[in-house]
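Just so it is clear, the model here is predicted, and its values are computed rather than measured. Lettering of chains follows the sequences in order, A, B, ..., and the numbering in each one begins at 1.
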Protein chains: 2
Amino acid sequence: MSKESKCQKDGRTHLCLCPLEGVIDVISKKWTLLIINVLGNCEKLRFNGLMEQLEGVSPKTLSDTLKALQKENLIMKETFNEIPPRVEYSLTADGKELRKAIVPLLKWAAERDCLPKQKCVQNYRNKPSHRIEL
Amino acid sequence: MSKESKCQKDGRTHLCLCPLEGVIDVISKKWTLLIINVLGNCEKLRFNGLMEQLEGVSPKTLSDTLKALQKENLIMKETFNEIPPRVEYSLTADGKELRKAIVPLLKWAAERDCLPKQKCVQNYRNKPSHRIEL
DNA sequence: CAGAATCCAATTGGATACTG
DNA sequence: CAGTATCCAATTGGATTCTG
C-alpha cells in the first residue's frame, strides 16, 4: 500500500500522509505484529533470536521487516563491534506505545480460538511469538 | 498469508490455526480496518455508501473484502428484495468487539501525525473513514 | 553471527466494463 | 443499486546460497 494519498484542497491536488493508512502499511506486513509483540516480551533480541521466536520467517523477510520498522522509528538496532558480530533489537518509545495499543487486539485474537475449524488449540500458545506478556 | 501453519505434536505434523496469525490475515487486508471503523461509526451502510466513505476502493476490492469479513463473521449483510436492490452491511457482535479492540490502535495512529513528512494534517480528518467515534 | 543477493511463485488490488 | 467478470501491474514473501 502506498504511503501517499491524494487530498483535494482549493482546486489543487497535493500529497498527504494519512496516519490511518500509514499504520495499516506498518501492521499489515506479515511479521510486524509478531515482532512488536516478542520484542515487548523479551526486551532485547538478536537477529537469530528473532528468527527462532518467529518460527518460519526467512532471513530476507525478517531483514526487510526490521528495516521498515526502524524507518518507522518503532524499533532500534544496536550493533556491537565484536567477532562474531552481535546486534540487538529492541522497541523504541514509539514501539512500546504501539505494543500497548495492540494488546487489546492480541487479546481479542487469542480469545477467538473457540472457532470450530481449529485443531491445535493447546499447542499454539507454545509458540513464543504468540505469548503475550502484559 | 496462509491460514494454516504446522504444529509439531507427538512426532506427527498436523495443521493448526493460530489465532494470532488468523487475525493478521484479517487486519492486514488493505481496507479491513477502515471498513470496521466506518461501520462502527455509521451502524449500517450500503455498498455504495461504503464506496464513498472509503474513497478510492474499487468495487472488486470492496466486494472481496466484504466477503472475507463475512466469512470471518465480523460483518453481516442484509438484503432487501426491492427494486432497485438494497443491501445493508453492519458489524456483528464479533465485529463490534474487534472495533473496540482496534480503537487504541486507531488512536495511536491518529496521534502520530506529528511526524515531519506530513503535509496534509488539517485535511485527512475530513476523510470519513478516518474519523473515529468512540 | 547477521545479514545481503538472487530468483521466483503467489497474492493483492486497481481499472474498467458489464449485468440482474 | 449492488455487485460480477476480466485483465493486469505491483507487491510480498519464501527458498536458497553466499559473505564480511
Mind calculating the distance between CD (A:E52) and P (C:dC1) to the nearest angstrom? 9 Å

Separation between CG of B:L105 and CG of A:L33, rounded to the nearest 0.5 Å: 8.0 Å

Can A:R86 and A:E78 be counted as an ion pair, charged N to O under 4.0 angstrom? no

In whole angstrom, what separates A:K29's NZ from C:dT12's P? 15 Å

Output yes when a side-chain donor or acceptor of B:T92 lies under 3.5 Å from a complementary backbone atom of B:L74, and no otherwise. yes

Examine C:dA2: is either OP1 or OP2 under 4.0 Å from a nitrogen or oxygen in the side chain of A:R46? Give yes or no. yes

Closest nucleotide among C:dC1, D:dC1, C:dG13 to the A:P84 side chain: C:dC1

Answer yes or no: is there a donor N or O on one side and an acceptor on the other, between the side chain of A:S90 and the main chain of A:E43, under 3.5 Å? no

With DNA chain D as reference, determine whether A:P85 or A:W31 sits nearer its 5' end, using the nearest nucleotide of each. A:W31

Roughly how many Å is it from CG in B:L34 to P in C:dG13, rounded to a whole number? 12 Å

Between B:T32 (side chain only) and B:V26 (backbone N and O only), is there a donor and an acceptor less than 3.5 Å apart? yes

Could you pick out which residue, A:Y89 or B:T61, lies toward the 5' side of DNA chain C when each is mapped onto its nearest nucleotide? A:Y89

Given 3.5 Å as the limit, does a donor-acceptor pair link the side chain of A:T61 with the main chain of A:V57, or not? no

Rounded to whole angstroms, how far apart are CG on B:L66 and C1' on D:dC1? 14 Å

Can you check the A:L45 CG to C:dC1 P distance for me, whole Å? 15 Å

Collect all protein-nucleotide pairs involving nucleotides 4-7 of chain C in which both atoms are nitrogen or oxygen and the distance is under 3.5 Å.
residue, atom, partner, partner atom, Å
C:dA4, OP2, A:S63, OG, 2.9
C:dA4, OP2, A:K67, NZ, 2.5

Whole-Å distance between D:dG3 P and B:E88 CD? 12 Å

Nearest whole angstrom, please: distance from the P of C:dC1 to the NZ of A:K44. 20 Å

Approximate separation, where rounding is to 0.5 Å, of A:I27 CD1 and A:I102 CD1: 8.5 Å

Length of the CE-C1' vector between B:M51 and C:dA15, whole Å: 11 Å

